[in-house]
Enquirer: 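Take a look at this one; I'll ask things after.
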Amino acid sequence: MLKWSSFSLTVVLSTFLFGIIPASNALAAMVLTDSNFNSTPAGSQPSGFTISEAGGTVRVGAVPSSSNRSVFLNDSSTTATVNLKKSFATQTGKVDAEFKFMQSTLRNNTKVFRLLSGTSAGISIETINGNISYRNPDNTYVTLQSGYVANTWYSIRIVADPSADKADVYVNGLKIASDVAFYTAVSSIDGYESYTPNSTAGSHYLDDILVKDVTTGIPSGALVVSASGGAGVYTTVKAAIDAIPANNTTPRTIYVKNGTYTEKITFPANKPYITLIGESAAGTILTYTDTASSAGGTTNSSSVFVLGNDFTAENITFRNTAGPTAGQAVALFVAGDRAAFYNVRILGNQDTLYTKAGRHYYRDSYIEGTVDYIFGSATAVFESCEIKSLGNGFVTAASTDQTTAYGYVFINSSLTRSGSLDDTVYLGRPWRPYASVTYLYSYMNTHIIPAGWNNWGDPANESTARFAEYGSTGPGVSTTGRVTWSEQLSASQAAGINTQSVLAGIDGWDPAH
């Protein structure tokens with residue numbers, strides 16, 4: 001049964017009518033190039049690229065949808081290729097490159113994505129033997145995605161360090177390869193390319209190509225926090241927040257050096273436009289130990305509260321250490337609109353992440369827990385994230401309002417588990433009757449119960465909850481074992497669901513680009 005048609009564009013926009021605001025903070029990293037192809041007419045060559053069409057064509061296509069386009073490299077030649085190439089400012093430091101890849105017909109020897117130094121390929125991601133693989137300097141391969149599936153989008157991320165000729169590679173938010181050697185040793189990176197096989201016909205799609213530098217310095221003008229103190233720095237995050245004036249209209253950055261900060265932190269509603277940057281995701285930890293019992297309620301148990309609009313966090317950990325038997329113990333509570341989290345870790349057990357209200361975006365991040373560990377009524381996209389179950393339970397407990405088109409949307413993410421948890425975890429259950437959760441193009445491990453979804457002990461929820469899936473892979477995927485009241489979307493339905501369509505609202509918010 002199709003449950004999406006009753007939600008008109010008017011409802012979607014009115015849901016997010018928070019007013020037009022100044023542009024929110026940019027990431028600390030500098031964007032070197034960003035291509036989503038949506039502004040280029042279908043059938044046209046993408047602008048800003050060097051293109052070779054010796055074996056066929058390179059054209060923008062209306063895939064997966066007319067509003068969410070991609071570039072299609074298509075050749076019919078067994079001797080020539082088609083090639084897409086883009087240059088950017090020379091980088092001698094780390095580069096973070098992400099893109100999405102899909103083939104309608106599986107073809108080996110496709111050079112899916114290569115990071116370049118001049119004409120030399122420092123990194124080469126290729127299709128080989130039915131897999132998506134990383135090419136080693138000795139021409140052997142590291143398998144990144146075994147047995148990739150036709151007509152399935154994969155999100156691939158490369159963090160490359162030319163100073164060490166080493167790289168980390170992620171697929172759907174899960175790190176697959178660590179410190180792998182460059183295919184060719186280079187001292188810098190200044191571009192990328194993609195091309196089809198030269199020994200057979202072949203074609204593939206690329207989308208959402210985003211390349212950034214990996215900034216390691218402290219941003220100019222930032223309020224600096226260091227647990228060890230020092231001249232001109234704050235020793236607590238709370239002190240840095242207190243230094244920002246109420247009702248500020250100027251974006252402010254708080255930079256937190258590595259360390260463990262045991263404090264209960266609130267980013268107030270009257271202090272918007274704050275960017276929080278950690279020195280490193282694993283080394284900068286904001287932590288507290290509170291529970292619903294000790295704090296007087298689930299909300300009060302939160303280690304960190306984000307109440308202001310236009311909040312951004314990057315390279316930092318939010319943690320609640322109450323433990324697996326403590327009951328509800330929230331690590332991060334978010335109620336502000338236009339909240340974006342990049343490369344963060346959110347650690348806890350029951351009720352780890354409380355998405356209370358607003359629109360949220362989580363990218364390249366890690367979230368762990370046991371029971372209902374992503375819950376609330378916000379509209380949130382989780383893109384290229386690892387979602388890890390530490391025990392039996394439920395990944396989500398959405399409480400989406402009836403008039404809100406989308407609750408949680410997981411795109412190109414990986415659902416993983418700790419230890420042996422086969423058939424012990426549900427994708428979600430409805431905290432409120434109209435809960436909305438969608439999984440697209442994501443990997444699901446063996447811990448996901450074949451039924452997939454739970455009605456929270458109330459059969460009436462089965463006629464109202466909006467639970468849907470499309471294009472996912474892995475042993476936890478089941479198109480026949482799922483409860484009958486969930487939905488397997490069609491390709492055309494899934495094509496219209498993406499970060500931009502879910503989060504845009506009336507102000508056109510696009511945290512992915």
Side-chain angles (χ1 to χ4, degrees), residues 4 7-27 31 34 36-39 64-65 67-69 98 100 153 155 173 207-208 210 272-273 275 306 308-314 332 334-344 346 353-365 367 374 376-385 387 396 398-401 403-413 435-442 466 468 470 489 493-513:
W4 307 95
F7 295 94
S8 68
L9 180 61
T10 301
V11 171
V12 177
L13 295 181
S14 62
T15 301
F16 298 131
L17 187 56
F18 292 95
I20 305 301
I21 46 83
S24 59
N25 285 329
L27 292 178
V31 174
D34 184 358
N36 66 6
F37 308 104
N38 295 343
S39 61
S65 70
S67 61
N68 182 27
R69 302 180 182 118
E98 298 184 62
K100 292 176 182 174
W153 286 97
S155 176
D207 197 9
D208 294 332
L210 176 64
Y273 313 122
T275 292
V306 175
N309 292 344
D310 300 287
F311 176 86
T312 299
E314 183 181 358
L332 177 63
V334 187
D337 190 35
R338 297 179 296 269
F341 300 84
Y342 305 88
N343 196 38
V344 303
I346 308 172
L353 172 61
Y354 191 172
T355 66
K356 174 64 175 176
R359 290 167 292 172
H360 310 164
Y361 183 59
Y362 303 83
R363 182 165 184 147
D364 300 328
S365 295
I367 305 167
I374 301 173
S377 56
T379 294
V381 170
F382 302 84
E383 188 163 12
S384 301
C385 292
I387 313 297
T396 65
S399 56
T400 321
D401 187 85
T403 61
T404 302
Y406 298 103
Y408 300 145
V409 179
F410 296 84
I411 303 173
N412 292 114
S413 290
S436 171
V437 183
T438 303
Y439 291 89
L440 301 175
Y441 312 112
S442 294
R466 294 167 284 158
Y470 180 80
L489 298 175
Q493 288 174 305
I497 305 173
N498 56 77
T499 297
Q500 293 75 34
S501 66
V502 172
L503 297 178
I506 198 168
D507 53 20
W509 189 48
D510 183 2
H513 299 280

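The first residue of the sequence shown is numbered 1, and numbering continues consecutively from there.
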Enquirer: Could you tell me if the side chain of Thr355 sits less than 4.5 Å from the side chain of Tyr362, heavy atoms only?
Expert: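 Yes; the side chains approach each other to less than 4.5 Å.
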
Enquirer: For Trp153 and Asp207, what are the C-alpha separation, side-chain angles and deciding distance, and is it a side chain to side chain contact (heavy atoms under 4.5 Å, CB included)?
Expert: CA-CA 9 Å; Trp153 286 97; Asp207 197 9; 4.0 Å; yes

Enquirer: Could you pull out the closest heavy-atom pair between Ser384 and Ser155, with the gap in Å?
Expert: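 Looking at all heavy atoms of both residues, the closest pair is OG-OG, 2.7 Å.
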
Enquirer: Quick one: pull up CG in Leu210 and CD in Glu98 and give me the separation to the nearest 0.5 Å.
Expert: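 Taking CG in Leu210 and CD in Glu98, the distance rounds to 6.0 Å.
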
Enquirer: Quick one, Tyr439 and Tyr408 - any side-chain contact, counting heavy atoms below 4.5 Å?
Expert: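 Contact flag for Tyr439/Tyr408 side chains = no.
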
Enquirer: May I ask you to test the Thr438-Val502 pair for a side-chain heavy-atom distance under 4.5 Å?
Expert: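 A side-chain contact under 4.5 Å is absent here.
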
Enquirer: Any side-chain heavy-atom pair from Tyr470 and Ile497 closer than 4.5 angstrom?
Expert: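 No, every pair of side-chain atoms sits at 4.5 Å or beyond.
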
Enquirer: State whether the number of non-hydrogen atoms from other residues, nucleotides or ligands found under 6.0 Å of Lys356 atom NZ is greater than 12.
Expert: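 No.
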
Enquirer: Say you draw a straight line from CZ of Arg338 to CG of Asn309; how long is it, rounded to the nearest 0.5 Å?
Expert: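 The CZ atom of Arg338 sits 5.0 Å away from the CG atom of Asn309.
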
Enquirer: Counting C-beta onward and ignoring hydrogens, is there a side-chain heavy-atom pair between Asp208 and His513 closer than 4.5 Å?
Expert: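 In short, these two side chains touch, coming nearer than 4.5 Å.
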
Enquirer: Looking only at heavy atoms, what is the nearest atom pair of Thr400 and Gly407, with distance?
Expert: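 Result for this residue pair: OG1-CA, 3.6 Å.
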
Enquirer: List the atom of Tyr342, the atom of Pro511, and the distance in Å for their closest heavy-atom pair.
Expert: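 Closest heavy-atom pair between Tyr342 and Pro511: OH-O, 2.7 Å.
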
Enquirer: Do Trp509 and Arg359 have side-chain heavy atoms sitting under 4.5 Å apart?
Expert: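 A side-chain contact under 4.5 Å exists here.
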
Enquirer: Would you check if Ile374 and Ile346 make a side-chain contact, meaning some heavy-atom pair closer than 4.5 Å?
Expert: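 Side chain of Ile374 against side chain of Ile346, heavy atoms only: no contact under 4.5 Å found.
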
Enquirer: Give the minimum heavy-atom separation between Phe410 and Ser442, together with the two atoms involved.
Expert: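 It is O-OG, 3.8 Å.
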
Enquirer: Please round to the nearest 0.5 Å and tell me the distance separating atom OG1 of Thr275 and atom CD of Glu314.
Expert: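 Between Thr275 OG1 and Glu314 CD, I get 8.5 Å after rounding to 0.5 Å.
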
Enquirer: Checking side chain to side chain contact (heavy atoms under 4.5 Å, CB included) for the pair Val409/Leu503: CA distance, chi angles, key distance, verdict?
Expert: CA-CA 10 Å; Val409 179; Leu503 297 178; over 6 Å; no

Enquirer: For a quick test of reading the model, state the closest non-hydrogen atom pair linking Ala495 to Pro64 and the distance between them.
Expert: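 Scanning both residues, the minimum pair turns out to be CB-O, 2.7 Å.
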
Enquirer: Mind checking whether Leu353 and Phe382 have side chains closer than 4.5 Å, heavy atoms only?
Expert: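 A side-chain contact exists here, since the closest heavy-atom pair is under 4.5 Å.
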
Enquirer: Can you see which heavy atom on Ser365 is nearest to which on Asn343, and at what distance?
Expert: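 For Ser365 and Asn343, the tightest heavy-atom pair comes out as OG-N, 3.3 Å.
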
Enquirer: Applying the side-chain hydrogen bond (donor to acceptor under 3.5 Å, both in side chains) test to Glu383, which of Asn498, Asn412, Thr499 qualifies?
Expert: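 By the side-chain hydrogen bond (donor to acceptor under 3.5 Å, both in side chains) criterion, Glu383 pairs with just one of Asn498, Asn412, Thr499: Thr499.
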
Enquirer: Within the side chain of Ser65, is there an N or O that forms a donor-acceptor pair under 3.5 Å with the backbone of Gly496?
Expert: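 Not at all, since once roles are kept as given, no pair shorter than 3.5 Å links the two residues.
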
